[in-house]
Amino acid sequence: MSQLPDGTALTVLVAGGSGASGIAVARALAAAGHRVATVGSDATRIKAAAGEAGDGVTPFTCDLAEMAGVRRLRDDVGDALGTVDAVIHLVGGWRGATGIADQSDDDWEFLERSAITTLRNVSRVFFDDIAASTHGRFAMVSSTSLDKPTAAVASYVAAKAAAEAWTMAMADGFRKASKDGGGQAAAVVLAVKALVDDGLRRKHPERSFPGATDVADLAAAVVRLLGTPAAELNGARLRLAD
Ligand SMILES: NC(=O)c1ccc[n+]([C@@H]2O[C@H](COP(=O)([O-])OP(=O)(O)OC[C@H]3O[C@@H](n4cnc5c(N)ncnc54)[C@H](OP(=O)(O)O)[C@@H]3O)[C@@H](O)[C@H]2O)c1
């Protein structure tokens, strides 16, 4: 049963689907009737994640930081499930230090690769497909720590700010494509303070996770994005934290 009022089932790529957030998002999208491609860099982990997400979720293995691989991924997903309408970008990671002076090059390299390069690659390869779709969407998950950056997370907030800026530039690209006779696409930032899931709660029964967003709530927000008119969403930064 499709979640969209007009009965459309979309092809949605979950980029970075191997973790709890990816499993929840893929599961909710498939339950809403969409065709879901979930991608991770490790074959065993992404197959297990797709299995946990359930029927309607197809795993693909690709290092999204490598452009040639992302181009092959577009062909593979297109052959298996059809042209991609929407990309939900979940690759990010986290690195912190004690202040500015000890922000390390290694951490910056990691964050640049995971939070920025994967997003740039995926958006460059899938932009035209999303822009041409009647329900095109690109969403990334960012952090409320950008609202008030602290010294300890300088590299992390800088990388996330770059990814957010890129996503807002995509929104401009979608606006222009729509004016030029393209589809109805939107680029959106979803900002959370932290993500939590049942596994994390079980692992840390002593913690209360204040302000954290459950991955099920993130997933529900992602499903809603597909059914909300693009004009209401394009360029929005939606806060999912308390
Ligand atoms: N967790 C939080 O508390 C929190 C807080 C604020 C914002 N966020 C943001 O929310 C999003 C989801 O966070 P998360 O913690 O659930 O996910 P994550 O651990 O940052 O990444 C999700 C998955 O991406 C895969 N991945 C990593 N590098 C990849 C690559 N080069 N190519 C393909 N896949 C790759 C990893 O699986 P493999 O290693 O198996 O590929 C990983 O399980 C991220 O953008 C994160 O920055 C999270």
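Note that ligands are numbered from 1 as they come in the structure, with each ligand's atoms numbered from 1 the same way. Predicted, not measured: the structure shown is a model, and the values here were computed from it. We count residues from 1, following the sequence as given.
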Asp55 CG: over 12 foreign heavy atoms closer than 6.0 Å: no
Ser114 to ligand 1, any heavy atom closer than 4.0 Å: no
Ligand 1 contact on His89 by region, counting heavy-atom pairs under 4.0 Å: neither
Lys193-ligand 1 polar pair, N/O distance under 3.5 Å: no
Selected option - heavy-atom contact closest to atom 38 (P) of ligand 1, from Ser41, Ala241, Gly40, Gly69: Ser41
Arg45 neighbourhood, listing ligand 1 atoms whose heavy-atom distance to it stays under 4.0 Å: 38 (P), 39 (O), 40 (O)
The one among Ile88, Leu90, Ile23 that brings a heavy atom closest to atom 17 (O) of ligand 1: Leu90
Side chain, backbone, both or neither: Cys62 near ligand 1, heavy atoms under 4.0 Å: backbone
Ligand-residue contact atoms, ligand 1 with Ser18, heavy atoms, under 4.0 Å: 37 (O), 38 (P), 40 (O), 43 (O)
Nearest neighbour of atom 2 (C) of ligand 1 from the list Leu190, Asp42, Val70, Leu195, on a heavy-atom basis: Leu195
Numbered atoms and elements of ligand 1 in range of Tyr156, under 4.0 angstrom, heavy atoms: 6 (C), 7 (C), 47 (O)
N/O separation below 3.5 Å, Lys160 to ligand 1: yes
Those atoms of ligand 1 less than 4.0 Å from some heavy atom in Asp63: 30 (C), 31 (N), 32 (N)
Structural part of Phe60 in contact with ligand 1, heavy atom criterion under 4.0 angstrom: neither
Closest approach of Ala154 to Gln103 (non-hydrogen atoms, all atoms of both residues): N-NE2, 3.6 Å
Which residue and heavy atom of the protein sit nearest atom 23 (C) of ligand 1, plus the separation: Gly16 O, 3.4 Å
Separation of Arg237 CZ from Leu190 CG (nearest 0.5 Å): 10.0 Å
Under-4.0 Å heavy-atom contact between protein and atom 15 (O) of ligand 1: no
Side chains of Asp85 and His135 in contact at under 4.5 Å (non-hydrogen atoms): no
Atom 19 (O) of ligand 1 touched by protein heavy atom at under 4.0 Å: no
Any N or O of Gly93 closer than 3.5 Å to N or O of ligand 1: yes
Test item: Arg137 and Leu10 side chains (from C-beta on) under 4.5 Å apart, heavy atoms: no
Contact check: Ser143 vs ligand 1, nitrogen or oxygen atoms, below 3.5 angstrom: no
Mutual orientation of the aromatic rings belonging to Phe209 and His204 [parallel < 30°, tilted 30-60°, perpendicular > 60°]: perpendicular
Any N or O of Val192 closer than 3.5 Å to N or O of ligand 1: no
Candidate list Phe126, Phe127, Phe138, test ring pair (Phe, Tyr, Trp, His ring centres under 6.0 Å), partner Phe174, passing option: Phe127
Side-chain donor or acceptor of Arg27 paired with backbone N/O of Glu52 under 3.5 Å: yes
Thr98-Asp102 side chain donor-acceptor pair, cut-off 3.5 Å: yes
Atom CG of Asp105: over 12 foreign heavy atoms under 6.0 Å: no
Ser142, portion touching ligand 1 at heavy-atom distance under 4.0 Å: backbone
CZ/Arg72: more than 12 non-hydrogen atoms of other groups inside 6.0 Å: no
His89 and Thr167, any side-chain heavy atoms less than 4.5 Å apart: no
Residue-ligand contact Phe209/ligand 1, heavy atom below 4.0 Å: no
Top protein contact for atom 10 (O) of ligand 1, by heavy-atom distance: Val141 CG1, 3.1 Å
